[in-house]
Amino acid sequence: MTETTQAGPLKQRFTEIFGTGLAPKIAVAPGRVNLVGEHTDYNEGYVLPMAIDRCLAACFTPRGDRVLKVHSMDFAETREFVLPPRTEGALRQAESGSRSRWVDYVLGVFLAMQDAGFEVSGINMVLQGDIPIGAGLSSSAALEMAVARAVCEAFGILWNCAEMARLGQKVENNYIGVSSGIMDQFAATASLENCALLLDCRTLKSEPVPIPRDAAIVVMDTGVRRTLSGSAYNERHAACVRTLNVIRSRHPQVIALRDVDLDMLEQSRESLDKATFKRARHVVEENWRPVQMAEMLRAGDLAKAGELMKASHASLRDLYEVSCKELDQISEQACRHAACFGARMTGAGFGGCAVALVQKREVKSFMADVQAGYQAKVDAPSALFECQPSAGARILE
Ligand code: GLA
């Protein structure tokens, strides 16, 4: 789906629900694929995501009251709430329990906006997207950032990419209940066309990294789904915190695992259980791969960039242990193809998508061959698609 094909049906649905004469606008935010730097963002490290040409679109008009009336075309569902009055820390105090329904992300953004001191009120909204859900392509961050972009436009709030990305992360951490980092929301707001984004998750400084013209980025959906709010993600996060506390007792200057090197980690080996040590080793080594891959992409050295992706996958499989047999299968299948420089799982893991760096002129045969090979071994509804590096959240003109 492209922006132009999306705008027509979205506006039509909006008119069916809310009537004519309202002149709605459309905000869009993209999904992302991460090229390398996995599980480093919540350790204040580096990541190299790229926004893709699949997005979540929100068609909206502000209302005169405090009612949020929101329809999801993908879930064929309408929900209506009265926005509670602004109270200090409402996001954190909202009744506990894990949330992951589409409407939670919408309400979460409104509550977070109020928490941050922004004046917001009621809205009419219709949502539609084409980012596969639960596939590791950040459909939820796209939803949060499309809603945030719409809310800023509707209530005259200045759009600031980093500030809104932080706000989206707070929704995940404090309202949805996932201890995630900032990568997905930042990619959904600050990405530029034709580029990946090298992001330092400590300083939030980012640099666009052009994708070479002879390279294709292929998303390979294993067809296997995960739930991010499941405990495994938070467990990995907790393992990183445990290691950090042990290392800090010897090296108090260390603030996050991003500051740790292999020698420091080795000194703490005795104080950590085997699995926790392996998790930390992944983070320490993975943290520099985005910086190296950015250099390689800039130099046009696709072969070396691909090697980094392979090393990242091996580390996620063997040390961080967040891959699964389908992700291993599709990545190996891809790497065996002559046109492929490298492939790896992308996103949190446990299912979802892998990503491959492929010779552009061979991309069609690559996709056909890998799909056939994977399908011969795994019984899951897989799909491969080439994606274009796209821009972050915006209002459609
Ligand atoms: C999910 C989280 C991100 C990041 C990745 C793993 O996508 O939302 O913050 O931690 O997993 O790299």
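All ligand and atom numbering here is 1-based and tracks the order in the structure.
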Using distance alone, decide if ligand 1 has a nitrogen or oxygen within less than 3.5 Å of any nitrogen or oxygen in [X].
{"X": "Tyr42", "value": "no"}
{"X": "Gly181", "value": "yes"}
{"X": "Ser138", "value": "no"}

Would you mind listing which atoms of ligand 1 come within a distance below 4.0 Å of any non-hydrogen atom of [X]?
{"X": "Arg32", "value": "7 (O)"}
{"X": "Met183", "value": "4 (C), 5 (C), 12 (O)"}
{"X": "Ser180", "value": "2 (C), 8 (O), 9 (O)"}
{"X": "Asp184", "value": "1 (C), 2 (C), 3 (C), 7 (O), 8 (O)"}
{"X": "Asp41", "value": "3 (C), 4 (C), 9 (O), 10 (O)"}

Subject >> Ser382-Gln371 side chain donor-acceptor pair, cut-off 3.5 Å >> reply: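 Ser382 vs Gln371: donor-acceptor pair found between side chains.
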Original post:
Looking just at side-chain N and O atoms, do Thr276 and Asp273 make a donor-acceptor pair shorter than 3.5 Å?
Top reply: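 Result is yes, a qualifying pair exists.
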**OP:** Compare every heavy atom of Leu302 with every heavy atom of Phe341, then report the nearest pair and how far apart it is.
**Re:**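 Here Phe341 and Leu302 meet closest at CB-O, 3.4 Å.
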Original post:
Is it true that Asp259 and Arg248 have a side-chain N and a carboxylate O under 4.0 angstrom from each other?
Top reply: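 Result for this pair is no, no salt bridge flagged.
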Subject >> Ion pair check, Arg289 and Glu38, cut-off under 4.0 Å >> reply: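 Salt bridge: no.
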Original post:
Counting only heavy atoms, which portion of Gln185 has something under 4.0 Å from ligand 1: side chain, backbone, both, or neither?
Top reply: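 Contact part for Gln185 vs ligand 1: neither.
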**OP:** Apply ring-ring contact (aromatic ring centres under 6.0 Å, His included) to the pair His71 and Phe18, showing each step before the final yes or no.
**Re:** CA-CA 10 Å; His71 176 79; Phe18 298 107; 8.5 Å; no
Subject >> CA sep, side-chain torsions, deciding dist, call: Trp159, Glu153, side chain to side chain donor-acceptor pair (under 3.5 Å) >> reply: CA-CA 8 Å; Trp159 176 253; Glu153 182 73 12; over 6 Å; no
